Trainee: 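Below: one structure in structure tokens.
Atoms considered below: every heavy atom in the structure, side chains included; atoms not considered: hydrogens, waters and symmetry mates. Nothing here was measured: the structure is a model prediction, and the numbers come from that model.
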Amino acid sequence: MGGPRMRALLAALVLRANQPVPVKHLVNAAWEGDTPLTSAATVHSYVCRLRARLASAGPDGENRILTDATGYRLRVEPGESDVELFRERIDRSHTLLNDSCPADAGTELSAALALWRGPALTDVPGRFAQLEAVSLNEARLAAQQESMEIDLSFGRHTQVIPELQAMFLRYPQRERLAALLMRALYRGGQQAEALQVYRTARQALVEELAIEPGPELKAVHQKILNHDVELAFPAATPGAGRHSLPPDTGTFVGRALEVRRIVTAATARPHDGRALGIAAIDGMAGVGKTRLAVHVSHQLADRFPDGQLFVDLHGHTDGRAQKEPSAALAELLEAVGVPAGSIPVTLEQRIAVWRTQLANRKVLLVLDNAASAAQVTPLLTGGSGCFVLITSRNRLIGSQTTETLSLKRLAGPEAGAFFEAMLADRRAAAESGAVAELTEMCGGLPLALQFAAARLRHRPTWTIADLVAQLHRDRLLMADLDIGKNGLAAAFDTSFACLNTEQQRVFRAVSRYRRNTFTVTAVAAATGLSSLDAERMLESLVDVNMIEPLTFGQYQIHDLLRAYGQRAVRFHSGEPPAAVAVE
């Protein structure tokens, strides 16, 4: 564009695009105190030369600089000025941040910073350019800091550390910049380096400005010294949650009352000051706890837009150890966007991070197959917008549940409808009597019905009556209906294995009775226990859903669990294999 004065004039016009720029301002920009005697005429001469150069750049260039009453105005169309584009994108990023859209705001900031090719106005001399450059470069630096703050919120501390370090070397007295670098270094496991940044920044502030660090920088320094968990993870970013529910089954039948109770617990506003809704579903192995939890969770998904998370705690999984709360929290933190490298080590820190992350989110959390209240308590969120649904074979006594359902076997019509849905062929409609008999033999247990239907599907030439006849011949066969390692016997095995020695002895004893009901007195007589100890043992079996209470002092055992218990007797020497009559 010519010499330094030409560039200064053009810069003054561009920076005030589409606005009248007085001749006096143009003179100050181009000559800076060395004002020519005929300043207006000299400016006009330079403007004519600018018009000629712009005309050579395009057909419309000659008409770009318009004469105004007090000076000149440069016509710039939308999208032509990098300065205006930069400012527009910065404004959009701020709007997006206010609307809780940090990812989109980061995209706008990246696009705004991509317009830069170096410090502003480096080829324009004079105080005018220096003053204008200060403002532009400050805006660029602020945008860079905002962009890196967003990167930190998404756990990208490793990526931003080199750029932050380079900027800090140039601006060691910038407290916001120092705080960002300290946070990034700390999250990257470089605590000593983070503390050194503070010392360097403090020295620069004291020596150059004669002031101590401000509250923000001091607070970050103190949090690093205290190993504050707030620094160890990115800030919560709404919408970053994962949707990890298993697929809903297309054959869900019945449980209308239970579904309604859970939905009400999840959606009704609490009136007693509770901050968190928690529902627990307990019941014996195979009764359909997980199926119900998953089905209801899909119905509730739209009410929890920040995530629907499913975790199997392996409380009763064959061949798998129970998942420790610390391991479950690591899994959950990654699910809501916390990078693995930013997850704290101790259980207490992970609990604090987890509850902080979900404080302002609406998340549905399904804790499946829990072993105890102690296993799930550390996983409970602190946000009133969340809902936790727990399934367990044990009654979670001492838990903080707001709704508890002890799931029972399916009633006759529901059991028949469930079996027909699982079988999915014409045999069920043609053999309604056999279906009723089979569902009775399965005791309305969904898992047993599922396996019975699976056996018939793989034997298309059988009738339902054929399977019923086979089961009558060998009553223990029902407990052996298996599909790989997920069979009914395997499910009962894990429940039995969780009992202590005395509980196992009492369970085997009650399974030998000719009837499935029994009293405390009868069990005491059969086991040699006192009435008080017999009652205590029976109540403990109720708590783990191996037997059911009827009236005070009277209990019952599910037919399939009784068949399983009789089979278990055969594997323990000294136990009589035959059933005994106990009134």
Side-chain angles (χ1 to χ4, degrees), residues 1-93 108-147 163 166-167 169-171 174:
M1 294 307 299
R5 286 174 178 166
M6 276 281 253
R7 294 197 299 273
L9 282 173
L10 181 59
L13 289 168
V14 170
L15 289 170
R16 287 160 181 77
N18 299 313
Q19 301 177 35
V21 182
V23 171
K24 183 178 179 180
H25 180 78
L26 294 173
V27 169
N28 290 334
W31 282 273
E32 194 183 7
D34 187 17
T35 307
L37 295 176
T38 56
S39 56
T42 304
V43 167
H44 180 72
S45 173
Y46 272 87
V47 168
C48 289
R49 291 161 62 184
L50 273 177
R51 282 176 174 153
R53 290 185 179 272
L54 291 172
S56 65
D60 193 37
E62 187 176 359
N63 300 319
R64 286 286 187 160
I65 302 179
L66 308 176
T67 303
D68 189 86
T70 58
Y72 299 91
R73 175 165 51 93
L74 178 67
R75 180 172 55 82
V76 176
E77 300 298 333
E80 288 187 317
S81 167
D82 55 1
V83 171
E84 291 306 312
L85 286 174
F86 173 76
R87 289 170 176 162
E88 288 171 7
R89 288 190 177 277
I90 295 300
D91 290 342
R92 281 201 293 270
S93 73
E108 288 292 336
L109 285 168
S110 296
L113 292 168
L115 296 167
W116 288 77
R117 294 180 297 277
L121 303 174
T122 52
D123 60 346
V124 180
R127 183 171 175 76
F128 153 76
Q130 291 175 352
L131 293 174
E132 293 288 349
V134 167
S135 175
L136 289 170
N137 290 327
E138 280 291 325
R140 180 191 188 186
L141 182 60
Q144 287 174 312
Q145 292 176 152
E146 289 173 359
S147 178
E163 185 178 359
M167 293 174 64
L169 287 174
R170 294 181 60 194
Y171 308 108
R174 301 267 182 167

Trainee: With distance as the sole test, does R89 use its side chain to make a donor-acceptor pair with the main-chain N or O of L109 at under 3.5 Å?
Mentor: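 No; zero donor-acceptor contacts below 3.5 Å.
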
Trainee: Between R87 and L136, which heavy-atom pair has the shortest distance, and what is it?
Mentor: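 The pair with the smallest heavy-atom distance is NH2-CD2, 3.9 Å.
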
Trainee: Mind checking the CD-CG spacing from E84 to L15? Nearest 0.5 Å is all I need.
Mentor: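 These two atoms lie 9.0 Å from each other.
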
Trainee: Rounded to the nearest 0.5 Å, what separates atom CD in E77 from atom CG in N18?
Mentor: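 Nearest 0.5 Å value for the CD-CG distance: 7.5 Å.
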
Trainee: Drop me the distance from R5's CZ to L9's CG, to the nearest 0.5 angstrom.
Mentor: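 R5 atom CZ to L9 atom CG measures 9.5 Å (nearest 0.5 Å).
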
Trainee: Rounded to the nearest 0.5 Å, what's the gap from CZ on R16 to NE2 on H25? Could you check?
Mentor: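 Rounded to the nearest 0.5 Å, the CZ-NE2 separation comes out at 3.5 Å.
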
Trainee: If you look at every heavy atom in R140 and P119, which pair is closest and at what distance?
Mentor: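 Closest pair (atom of R140, atom of P119, distance): NH1-N, 3.8 Å.
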
Trainee: Looking only at non-hydrogen atoms, find the nearest pair between P20 and R73 and report the distance.
Mentor: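 Residues P20 and R73, closest heavy atoms: N-CD, 4.0 Å.
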
Trainee: Under 4.5 Å between any side-chain heavy atoms of L50 and L74, yes or no?
Mentor: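 Side chain of L50 against side chain of L74, heavy atoms only: no contact under 4.5 Å found.
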
Trainee: Does the side chain of L131 reach to within under 4.5 Å of the side chain of R127, using non-hydrogen atoms?
Mentor: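 Contact flag for L131/R127 side chains = yes.
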
Trainee: Mind running side-chain contact (heavy atoms from CB on, under 4.5 Å) on V134 and Q130 for me, showing each step along the way?
Mentor: CA-CA 6 Å; V134 167; Q130 291 175 352; 5.7 Å; no

Trainee: Ignoring hydrogens and angles, tell me if any N or O in the side chain of R7 forms a donor-acceptor pair with the backbone of D123 under 3.5 Å.
Mentor: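 Side chain of R7 to backbone of D123, a donor-acceptor pair under 3.5 Å: yes, one is there.
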
Trainee: Counting only N and O atoms by type, is there a donor-acceptor contact under 3.5 Å from the side chain of D68 to the main-chain atoms of V21?
Mentor: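 Pair absent, no side-chain N/O of D68 close to backbone of V21.
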
Trainee: Write down the atom of V23, the atom of Y72, and the distance for their closest heavy-atom approach.
Mentor: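 Minimum heavy-atom contact is CG2-CE1, 4.2 Å.
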
Trainee: Rounded to the nearest 0.5 Å, what separates atom CG in L26 from atom OH in Y46?
Mentor: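 If we round to the nearest 0.5 Å, L26:CG and Y46:OH are 12.5 Å apart.
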
Trainee: Taking all heavy atoms of F86 and all of A112, pick out the closest pair and write down the distance.
Mentor: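 Scanning both residues, the minimum pair turns out to be CD1-O, 3.4 Å.
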
Trainee: Are more than 12 heavy atoms, taken from residues, nucleotides or ligands other than H44, located less than 6.0 Å from that residue's NE2 atom?
Mentor: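 No, NE2 of H44 has 12 or fewer neighbouring heavy atoms, counting only those of other groups under 6.0 Å.
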
Trainee: Restricting to non-hydrogen atoms, name the atom on A29 and the atom on A8 that form the minimum distance, rounded to 0.1 Å.
Mentor: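 In terms of heavy atoms, the two residues are closest at O-CB, 3.5 Å.
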
Trainee: Does Q144 offer a backbone N or O that forms a donor-acceptor pair with the side chain of S147 under 3.5 Å?
Mentor: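 No, S147 side chain to Q144 backbone: no donor-acceptor pair under 3.5 Å.
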
Trainee: How long is the gap from CZ on R170 to CG on L141, to the nearest 0.5 Å?
Mentor: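 It is 8.5 Å, given to the nearest 0.5 Å.
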
